[in-house]
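Reviewing the structure listed below.
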Amino acid sequence: MRIRPIAEGDLGELQKIARETGVGFTSLPDNREFLTAKIAAAVAAFEQRTPVDRRNYFFVLEDEESGELAGCCAIEGQVGREVPFYHYRLGTLAHSSVQLDLHRTIDTLFLSSDHTGDAEVASLFLRPGFRGKERQHQRNGALLSMMRWLFMAEFRDQFPDKVLAEMRGVFDECGKSPFWECLGSHFFPLDFDEADRLTGLGQKSFIGELMPKFPIYTPFLSDEARACIGQVHHHTRPALAMLKKEGLRWEGFIDIFDGGPTVEAYIDDVRAVRKSRRCRVEIRSGSEAPSARPRWLAASTVMADFRSAWVAHGPDEEGTLTLSEAEAQRLGVAAGDSLRVLDTEETS
Ligand SMILES: CC(C)(COP(=O)(O)OP(=O)(O)OC[C@H]1O[C@@H](n2cnc3c(N)ncnc32)[C@H](O)[C@@H]1OP(=O)(O)O)[C@@H](O)C(=O)NCCC(=O)NCCSC(=O)CCC(=O)O
Ligand SMILES: NC(=[NH2+])NCCC[C@H](N)C(=O)O
């Protein structure tokens, strides 16, 4: 399995993925025109033809043998540059009366665009056939999620100080969002799906303008809606766990539609950004030793033809990374080239 930038020929497969993503995935609406534009924008970004704050990188995970696309993920250079980027921030208001000796705090939701200019990791999706227990030896989900930190570490000057991720919120068995039903639907007479689709198509600002701008006292929401604040869809738990492991935290920002949490960090504090390092490649002949659980993640140090994949061994003390011929080919490197490498088991 290897990661590479998306290419124009991937449109058909990407549309299949878009159909599989399901409710609340937002960034991959099943719309051919939109997906065509997304691919074109990514190609331009990897070729460095777009201004640095508009570069949206989109990666795919490819099964080398079948050529099938197993999943995708993305990095947005800076959010909120073209259309406003809204959240609710969960805040606290103190209500206090000395006379009555009453002191209370009430949770409130404030509309915010505080994250304008931050980078975003997004669109993490692994097709069901490539997930789960029987595929655990491949760590496909971790490859997709974590390779983005190697990319950001390598091309650090292209990214701002902070990074965020918006996580899919909670939906009931019928695919309805209790948070949306209780809040958004009063201000925008649409189903969540339709509102989410418009958001994905880049029309969130227009929707955001119609959402309430004054603080909302959360006790006025239904119990079901309140229970969604900061909670994720069950399919999103692994995605969130992987981000938290890298040090991203929930600071109280939520999605204005489904209440899903936004997690964030300073890029330089992200564990994989801090821990990854450059190595010089050497190549040995012979085949790869199969490993039970991949540990070492490698990524290109060049943007054109960027590649990322698991490798069987880490670098030696001098910083030399010895690859098998198959690994070198998978990563598009020759002896003497550089790669960025991360020990994914190294803690702290
Ligand atoms: C998220 C992925 C890609 C993850 O792939 P897999 O399901 O194969 O993951 P996995 O290998 O089983 O687990 C990945 C890592 O999470 C850990 N893990 C798994 N389940 C967990 C849980 N319930 N609690 C805590 N940790 C958990 C595993 O130990 C593993 O880490 P180790 O390998 O270290 O042991 C997939 O589940 C998926 O496509 N989900 C549906 C789409 C979705 O909801 N995407 C997120 C949308 S939100 C978004 O896109 C923004 C976020 C982003 O872009 O990152
Ligand atoms: N609260 C939400 N539904 N946010 C969207 C989550 C999905 C994911 N971040 C994406 O890029 O598509």
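As the structure lists them, so they are numbered: ligands from 1, and atoms in each ligand from 1. Quick caveat, the model's predicted, so the values are computed rather than measured.
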Check whether any N or O atom of A239, backbone or side chain, sits under 3.5 Å from an N or O atom of ligand 1, and answer yes or no. no

re atom 43 (C) of ligand 1, the protein heavy-atom contact at minimum distance is R168 NH2, 3.6 Å

message: Polar contacts were defined as any N/O atom of the residue lying under 3.5 Å from an N/O atom of the ligand; does this apply to S145 and ligand 1?
response: no

Discussion item. Checking the N or O distance criterion of under 3.5 Å, is ligand 1 in contact with E166?
Written reply: no

the protein heavy atom lying closest to atom 33 (O) of ligand 1 turns out to be R139 NE, 3.0 Å

Atom 12 (O) of ligand 1: closest protein heavy atom, distance to 0.1 Å, is Q136 NE2, 3.9 Å

Heavy-atom proximity to atom 36 (C) of ligand 1, picking from M167, R295, K245, R131, points to R131

Open item on the list: Checking the N or O distance criterion of under 3.5 Å, is ligand 1 in contact with A142?
Closed with: no

For S123, the ligand 2 atoms with a heavy-atom partner under 4.0 Å come out as 10 (C), 11 (O)

Ligand 2 to A122, heavy atom cutoff 4.0 Å, flagged ligand atoms 11 (O)

Worksheet item: Touching ligand 1 at all, R148? Heavy atoms, strictly under 4.0 Å?
Response: yes

Ligand 2 atoms nearer than 4.0 angstrom to some heavy atom of S27 are 10 (C), 11 (O), 12 (O)

If you compare S123, P238, A74 by their heavy atoms, the one closest to atom 21 (C) of ligand 1 turns out to be P238

Looking only at distances, please establish whether an N/O atom of ligand 2 is found under 3.5 Å from an N/O atom of M167. yes

Do other residues, nucleotides or ligands put more than 12 heavy atoms under 6.0 Å from K176 NZ? no

Of all protein heavy atoms, the one nearest atom 26 (N) of ligand 1 is A241 CB, 3.1 Å

So the atoms of ligand 2 within less than 4.0 Å of a heavy atom of E166 turn out to be 6 (C), 7 (C), 8 (C), 9 (N)

| said: Under 4.0 Å, counting heavy atoms only: does N140 come that close to any atom of ligand 1? | reply: no

The closest protein heavy-atom partner of atom 12 (O) of ligand 2 is F25 O, 2.2 Å

Atom 40 (N) of ligand 1 has as its nearest protein heavy atom H235 O, 3.2 Å

Atom 2 (C) of ligand 2 has as its nearest protein heavy atom D258 OD2, 3.4 Å

Residue, atom and distance of the protein heavy atom nearest atom 23 (N) of ligand 1 read R237 CB, 3.8 Å

